[in-house]
Amino acid sequence: ATSSLVQKHIFAIGGLILTLALLVAALCTSVRAGLLALAPVLLPLILGYGALALSGASLNLGTALVAFVVVGTAIDGTLHLLLRYVDQARRAMNSEQALSLALHAEATPITIAGVGLGLGFATFSVSSLAPIAQFGQLAAVTMLGALITNLVIMPLLLTRLRVVGLHQIVALRVDPEILANAPLFAGMTPYQRRKAVLISQWQEFEAAELLMKQGAQERSMYLILKGKAEVVRRDFGKARPVAEICAGDLVGEVAYIQAATRTA
């Protein structure tokens, strides 16, 4: 009976992990994000159950339950970090800055939760019943592994990932006609246009603020989503208006493609 229950636990935990990967992939609109979210879940399980096998302890009802505990607690910290990173990536200059901001906001609560849960489960290890003691020991070890994975390995993986949250796509308030008529998004679906806007860096400029400066060497281009801007060229110390760009217009694409000097 015990063997049958343990086997059912293994199948159940496999289904749970697959479901979580699909949910995270849907939330972040990225299959890679769903796979990366499994790292803080799978690595502690592999290490914990590997240590269990090396110690010669048996897989029983107590140790089998650890997998459910680890998945539930590890994915909680992972989701907090991942979704915070998604929100910061929209405003930050690059992925490293977005990750730094996300860690600054989430590292403390993730650490407190991980250490608190690990110490709490460790108290079971003093039980005189072997399955309960083994449950406590294994849970404490895997909690520590999940914490380290969330704070060390997950950030390293996130720097290679730029994702957009499904909630951001739904909540984006941009005139769809502007995106549909923009040459940059020609041939894209409405969903692809929204995702392209969100995966780029979003900037707001005040009145009379410069978007770009004549003579500068930089590789960035802008799609105007709201408002308008004036293009001015300076020759021999005199400023001459060249054009006016409005919502839907693209500006700076030549320097972006060729790394050329700004001409206006």
Side-chain angles (χ1 to χ4, degrees), residues 12-43 68 70-110 113-114 146 149-151 153-182 184-204 221-226 247-248 250:
I13 199 65
L16 176 60
I17 290 173
L18 178 61
T19 302
L20 287 174
L22 293 175
L23 285 173
V24 174
L27 283 173
C28 298
T29 64
S30 169
V31 175
R32 288 179 63 194
L35 295 176
L36 287 182
L38 295 183
V41 173
L42 294 178
L43 289 178
F68 292 97
V70 173
V71 170
T73 52
I75 201 66
D76 177 68
T78 301
L79 282 176
H80 278 281
L81 182 61
L82 183 59
L83 294 178
R84 178 76 70 169
Y85 172 74
V86 168
D87 285 334
Q88 293 296 341
R90 182 179 173 184
R91 305 176 183 88
M93 297 296 293
N94 49 54
S95 58
E96 287 78 13
Q97 185 185 31
L99 181 59
S100 177
L101 293 171
L103 280 172
H104 180 75
E106 300 295 338
T108 300
I110 289 175
T149 308
N150 266 324
L151 295 181
I153 298 177
M154 192 65 181
L156 293 174
L157 297 175
L158 283 178
T159 55
R160 301 178 178 273
L161 183 69
R162 188 68 183 265
V163 294
V164 174
L166 183 62
H167 64 289
Q168 292 177 321
I169 295 176
V170 174
L172 181 64
R173 294 291 179 264
V174 176
D175 188 346
E177 290 298 321
I178 292 176
L179 300 184
N181 296 327
L184 183 64
F185 300 138
M188 291 187 181
T189 65
Y191 169 81
Q192 290 171 331
R193 293 173 194 142
R194 285 171 166 263
K195 191 167 184 178
V197 168
L198 289 168
I199 211 168
S200 304
Q201 186 184 348
W202 187 290
Q203 287 184 270
E204 293 184 5
M221 64 179 177
Y222 297 91
L223 174 70
I224 309 299
L225 295 178
K226 186 179 181 181
L250 193 66

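Atom set for the values below is all heavy atoms of this structure, side chains included, hydrogens, waters and symmetry mates excluded.
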request  = Mind running side-chain contact (heavy atoms from CB on, under 4.5 Å) on Val41 and Val70 for me, showing each step along the way?
outcome  = CA-CA 7 Å; Val41 173; Val70 173; 5.6 Å; no
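- Annotation: the span from Glu106 atom CD to Arg84 atom CZ amounts to 4.5 Å, rounded to 0.5 Å.
- When all heavy atoms of Ile178 and Ile224 are compared, the pair lying nearest together is CG2-O, 4.1 Å.
- Between the side chain of Arg194 and the backbone N or O of Leu172 there is at least one donor-acceptor pair closer than 3.5 Å.
- Formation of a donor-acceptor pair under 3.5 Å by the Thr19 side chain with backbone atoms of Gly15 is found in this model.
- A search for ring-ring contact (aromatic ring centres under 6.0 Å, His included) contacts involving Phe185 returns nothing, not counting sequence neighbours.
- For the residue pair Ile110 and Gly77, the shortest heavy atom distance occurs at CD1-O, 3.5 Å.
- Distance check, rounded to the nearest 0.5 Å: CG of Leu225 to CD of Glu204 gives 10.0 Å.
- Taking CG of Leu99 as the start and NE2 of His104 as the end, the distance is 13.0 Å to the nearest 0.5 Å.
- For the pair Leu157 and Ala39, the tightest heavy-atom approach, listed with the atom from each and the gap, is CD1-CB, 4.0 Å.
- Looking at Leu184 and Met221, their side chains come closer than 4.5 Å, going by heavy atoms from C-beta outward.
- Leu83 CG to Cys28 SG: the interatomic distance, rounded to the nearest 0.5 Å, is 5.5 Å.
- At distances below 3.5 Å, not a single donor-acceptor pair connects side-chain atoms of Thr29 with backbone N or O atoms of Ala26.
- The two residues Arg193 and Leu179 have their closest heavy-atom pair at CD-O, 3.8 Å.
- The heavy-atom pair separating Ala74 from Asn150 by the smallest distance is O-ND2, 3.4 Å.
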task = Given side-chain contact (heavy atoms from CB on, under 4.5 Å), test Leu27 with Val86 step by step and report yes or no.
result = CA-CA 10 Å; Leu27 283 173; Val86 168; over 6 Å; no
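- Evaluation of the side-chain hydrogen bond (donor to acceptor under 3.5 Å, both in side chains) test over residues 163-174, restricted to residues two or more places apart or in two chains, returns Asp87-His167, Asp87-Gln168.
- Atom CG of Leu151 is separated from atom CG of Leu103 by 7.0 Å, given to the nearest 0.5 angstrom.
- Across all non-hydrogen atoms, the minimal contact from Met188 to Ala196 is SD-CB, 4.5 Å.
- Separation of atoms CG (Leu82) and CG (Leu36) is listed at 8.0 Å; rounding is to 0.5 Å.
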inquiry  = Could you walk me through whether Tyr222 and Gln203 satisfy the side-chain contact (heavy atoms from CB on, under 4.5 Å) test, starting with their C-alpha distance in whole Å, then the side-chain angles of each, then the deciding distance to 0.1 Å, before giving a yes or no?
reply    = CA-CA 9 Å; Tyr222 297 91; Gln203 287 184 270; 3.4 Å; yes
